[in-house]
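Notes for the one structure printed next.
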Number of protein chains: 2
Amino acid sequence: MRLTSRRRALLKILEEADRHLDAAALLEVAQQQMEIDRATVYRTLELFKREGLIDELDLMHLRGEMHYYEVRTAKEHFHFACFGCGRVEEIATPLFEQLKQEVGREKGFTIQTARLEIGGYCAECATSASQRRDSESSAPMASPPET
Amino acid sequence: MRLTSRRRALLKILEEADRHLDAAALLEVAQQQMEIDRATVYRTLELFKREGLIDELDLMHLRGEMHYYEVRTAKEHFHFACFGCGRVEEIATPLFEQLKQEVGREKGFTIQTARLEIGGYCAECATSASQRRDSESSAPMASPPET
DNA sequence: GTATTTGCAAAAGCTTTGCTGCAAC
DNA sequence: GTTGCAGCAAAGCTTTTGCAAATAC
């Protein structure tokens with residue numbers, strides 16, 4: 001694979017992003033620094049995926065059906081997505097590696113990639129959700145506040 | 001949620017399918033037994049997902065970007081997808097449950113759903129892939145059988 | 001000079017939506 | 001009567017593709 005200037009730039013953007021980017025977001029950021037076409041972004045993501053440079057995530061489809069990308073690092077981790085506030089947290093535990101090893105050993109699989117995504121409510125959202133449940137159940141919701 | 005005849009039929013098809021169906025495949029099977037529209041299938045899948053009756057899978061995008069659905073059962077499991085032959089295997093291990101519990105406990109998350117997907121090569125494909133590697137040097141392509 | 005990469009525009013998929021009529025309660 | 005469901009057709013969005021020009025080696 002040739003690391004052209006465009007490819008280098010796309011990789012850099014993914015590396016330095018403070019959130020997980022989907023193809024459209026990556027394109028938008030990239031276009032702020034250079035002239036680049038959608039097709040190039042998609043082709044490059046496909047290439048990076050094939051080469052194992054990046055991983056593809058869904059983040060439990062929190063915000064739609066699109067896919068998100070992140071640069072693969074030495075530090076194995078997986079993702080928790082909060083259905084309440086939308087936050088995405090990266091989590092690491094030795095159990096994950098252990099699980100993969102067990103599967104590989106017991107089934108004879110050669111594992112190339114593993115994706116674990118957990119969806120639910122973070123501590124804060126779980127609390128406010130149960131508070132809402134307590135008042136909502138009898139009285140109907142008032143109309144939402146004006147903006 | 002009202003369990004209409006269409007919804008019941010769709011659920012039954014998903015339950016009895018011998019493979020993982022995507023929306024188009026589900027529509028096709030359903031249309032063999034009744035008149036039903038795409039929109040109904042998509043709306044119903046969305047509903048089932050919300051209600052927690054089904055889980056949505058990617059199967060590591062083995063056959064494209066579409067999503068697959070399966071009825072949620074008491075028996076927790078996850079999926080292994082072979083990039084070589086396209087087989088999808090369901091796997092269960094106590095470590096998976098243990099991992100989820102650890103995450104919930106340590107982070108205070110209320111976990112609603114967890115999806116673990118592993119991609120790689122099954123024992124047979126790993127063998128033939130390494131044989132191929134000895135002669136050529138091109139990576140095997142996944143071209144799974146259509147059902 | 002040959003092979004790869006890119007832009008452009010169009011097409012292809014998959015999914016959603018507005019609207020209308022129908023069915024259930 | 002009111003509410004929810006389903007069909008139809010069209011639109012929406014994301015992603016892919018063919019082809020010609022540009023770039024790299």
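Atom set for the values below is all heavy atoms of this structure, side chains included, hydrogens, waters and symmetry mates excluded. Chain A is the first sequence line, chain B the second, and so forth, proteins listed ahead of strands; every chain is numbered from 1.
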Rounded distance (Å) that lies between atom [atom2] of [N] and atom [atom1] of [X]:
X        : N       : atom1 : atom2 : result
Gln31(B) : dC8(D)  : CD    : P     : 10 Å
Met66(B) : dA12(C) : CE    : P     : 16 Å
Met34(A) : dG7(C)  : CE    : C1'   : 13 Å
Asp37(B) : dG21(C) : CG    : P     : 17 Å
Arg8(B)  : dA24(C) : CZ    : C1'   : 13 Å
Leu11(A) : dT5(C)  : CG    : P     : 15 Å
Leu3(A)  : dT4(C)  : CG    : P     : 16 Å
Asp22(A) : dT15(D) : CG    : P     : 7 Å

Margin query: Taking any heavy-atom pair under 4.0 Å as a contact, classify Ala24(B): base, sugar-phosphate, or nothing.
Written below: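 Result for Ala24(B) = nothing.
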Notebook entry, point to check: Choosing from dT6(C), dA6(D), dT15(D), which nucleotide comes nearest the side chain of Ala23(A)?
Noted result: dT15(D)
Any side-chain N or O of [X] under 4.0 Å from OP1/OP2 of [N]?
X        : N       : value
Arg43(A) : dT17(D) : no
Arg7(A)  : dT5(C)  : yes
Thr4(A)  : dA24(D) : no
Arg38(A) : dG7(C)  : no
Tyr42(B) : dT15(C) : yes

Note to self: Tell me which one of Arg115(B), Glu56(B), Glu117(B) satisfies side-chain contact (heavy atoms from CB on, under 4.5 Å) with Asp58(A).
What the structure shows: Arg115(B)
Note to self: Side chains of Glu28(B) and Gln32(B) only: does a donor on one sit below 3.5 Å from an acceptor on the other?
What the structure shows: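 Result is no, nothing qualifies.
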Notebook entry, point to check: Do the non-hydrogen side-chain atoms of Leu45(B) and Val41(B) ever get within less than 4.5 Å of each other?
Noted result: yes
Notebook entry, point to check: Mapping Arg2(B) and His67(B) onto DNA chain C by nearest heavy atom, which one lands closer to the 5' end?
Noted result: His67(B)
Check: Going by the salt bridge (Lys or Arg N to Asp or Glu O under 4.0 Å) test, which pairs reach into residues 1-15 of chain B, not counting sequence neighbours?
Finding: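 For residues 1-15 of chain B: Lys12(B)-Glu16(B).
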Next item on the list: Please determine if Glu46(A) and Arg43(A) form a salt bridge, counting it only when a charged side-chain N lies under 4.0 Å from a carboxylate O.
Entry: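 Judged by the 4.0 Å cut-off on N to carboxylate O distance, Glu46(A) and Arg43(A) do not form a salt bridge.
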